[in-house]
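Just below is one structure, and these are the notes that go with it.
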2 protein chains.
Amino acid sequence: MEEKEISKAVISRLPRYYRYLGELTNAGVERISSNDLSRKMRVTASQIRQDLNNFGGFGQQGYGYNVKYLRTEIGKILGLNQSHSMIIIGMGNLGQALANYASFEKNGFLVKGLFDVNPRLDGREVRGIPIRMLDELEAFLKENPIEIAALTIPKTEVLRVSEILVKCGIKAIWNFAHTDLNLPEDVIVESVHLSDSLMRLSYNITSYRKEHGES
Amino acid sequence: MEEKEISKAVISRLPRYYRYLGELTNAGVERISSNDLSRKMRVTASQIRQDLNNFGGFGQQGYGYNVKYLRTEIGKILGLNQSHSMIIIGMGNLGQALANYASFEKNGFLVKGLFDVNPRLDGREVRGIPIRMLDELEAFLKENPIEIAALTIPKTEVLRVSEILVKCGIKAIWNFAHTDLNLPEDVIVESVHLSDSLMRLSYNITSYRKEHGES
DNA sequence: TAGATTGTTAATCGATTAACAATC
DNA sequence: TAGATTGTTAATCGATTAACAATC
């Protein structure tokens, strides 16, 4: 019951390790030392070893880490060894982009349903999955065990939709709306705020200019 | 020349402040104390005051912060008082989603060009902007001063495209490809790795389950 | 003036880096 | 065995929180 708490900083680095280990696997690299990996990833070797040792000793003294093994283990930590059923709510451009993004399936994220409010989209299919109307959502969730709901809807719709989701016992929300969700704490929320990201870029451009003289 | 360095943690919180202050403005709230804002945003009041004081004293003892003024000032810090010209490379679903996302313009990000390699898209327009072929990119950049390039292309294309961009003196890249960019350090990169985000969600689901028993 | 709330210093907490003994 | 490299402890660095004097 009492697991040692893993810090957010560590968790957010795991997918990046996973990505690099995937590339190394594809490149046919069999083993790698924390030092070599640190150069590739531009982080310290110390950090890599510390991060990994939060979860267990995956390496071997004098040898390093077995790339395939380490990748699999990190995959397990991330829960990628299990499949995750997902629906997408909001079939605007972004929702369609997610629905079409086949690579998710490779990591076990299975799109089981698509929803929108626009009657013109009703019945249209994306990758073989029909778009349903939002008022069918509740019934759909009762019949289909869904873990994750991706929200690609305007922020004005968020409250209404998230109430349905919570009521139907959804476990996790992948939120793309430009607002924070305030939900019961047993619902896990991961937000992608694109405009926040663009503003950070803008900040960095602006501050770089200040340091190096206008242009 | 010698500016006090602002930490990444602080910078990444600025857009969120900006967002909340926008909502407060819309709600007609004129002033707010760090304490009230802290409750709304679920951060400590201390952190808010520390964050803001990296940039200057925007508040007033005994009064708090003027919402509109503070929002404007944070906007300036983020560089939102200036406009930023942008192109989008890769007109798949995600590229189209960005191109259609009008709200960026509200914050001064102006989409000036769209590019793809698919000849079937040649000349098609999104919000009045024609899609150009990638081989026109270099010529386009020579005639149009572009600050930001959004990359919504497969990772296999990244190297080729980013070489052109760097050669043409692009200042900043908003990267959606599932790979890290290794560019000269005067090119500012902000990456959005959607699959990393989804994996973090998956981690949190998985670890929540472990703590609270399988289901 | 009294009350409220900032700006800022000091204390604490956590994360990163360095160092090295353990061990393959 | 000697060399390499991990796992892990200790040292450092940075970020967050607490506290309070300054001041509106």
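First the proteins, then the strands, lettered A, B, ... as listed; each starts at 1.
Pairs of residues two or more places apart, or lying in two chains, never qualify as ring pair (Phe, Tyr, Trp, His ring centres under 6.0 Å) while including a residue from residues 7-47 of chain A.
Taking only side-chain atoms of R13(B), from C-beta outward, the nucleotide of dA19(D), dA19(C), dT16(D) with the closest atom is dT16(D). When distances are taken from the side chain of Q61(A) to each of dC24(C), dC20(C), dT17(C), the shortest belongs to dC24(C). Of all nucleotides listed (dT6(C), dG7(D), dT17(C)), dT17(C) comes nearest to the side chain of Q47(A). Here the nucleotide nearest the side chain of R49(A), chosen from dA19(D), dA19(C), dC24(D), is dA19(C). Side-chain atoms of S33(B) lie closest to dT5(C) of the nucleotides dT6(D), dA19(D), dT5(C).
Base pairing in DNA chain D yields stems of at least 3 consecutive Watson-Crick or G-U pairs, both distances under 3.5 Å, namely C:3-24 with D:3-24.
In this structure, a donor-acceptor pair under 3.5 Å is absent between the side chains of H178(B) and D196(B). There is no side-chain donor-acceptor pair under 3.5 Å between N107(A) and H84(A).
The side chain of T44(B) places no N or O atom within less than 4.0 Å of a non-bridging phosphate oxygen (OP1 or OP2) of dT16(D). The shortest distance between the side-chain N/O atoms of S34(B) and the OP1/OP2 oxygens of dT6(C) is below 4.0 Å. Here Y65(A) reaches the OP1 or OP2 of dG7(D): one of its side-chain N or O atoms lies under 4.0 Å away.
I6(B) places none of its side-chain heavy atoms less than 4.5 Å from the side chain of I77(B).
Residue side chain Q50(B) reaches the base of dT9(C) through a donor-acceptor N/O pair under 3.5 Å, judged by distance alone. Judged by distance alone, with hydrogens and angles left aside, S7(A) brings no side-chain donor or acceptor close enough to the base of dA15(C) to form a pair under 3.5 Å.
Rounding to whole angstrom units, CD of residue E5(A) and C1' of dA15(C) are separated by 15 Å.
A donor-acceptor contact shorter than 3.5 Å links the side chain of T152(B) to the backbone of I89(B).
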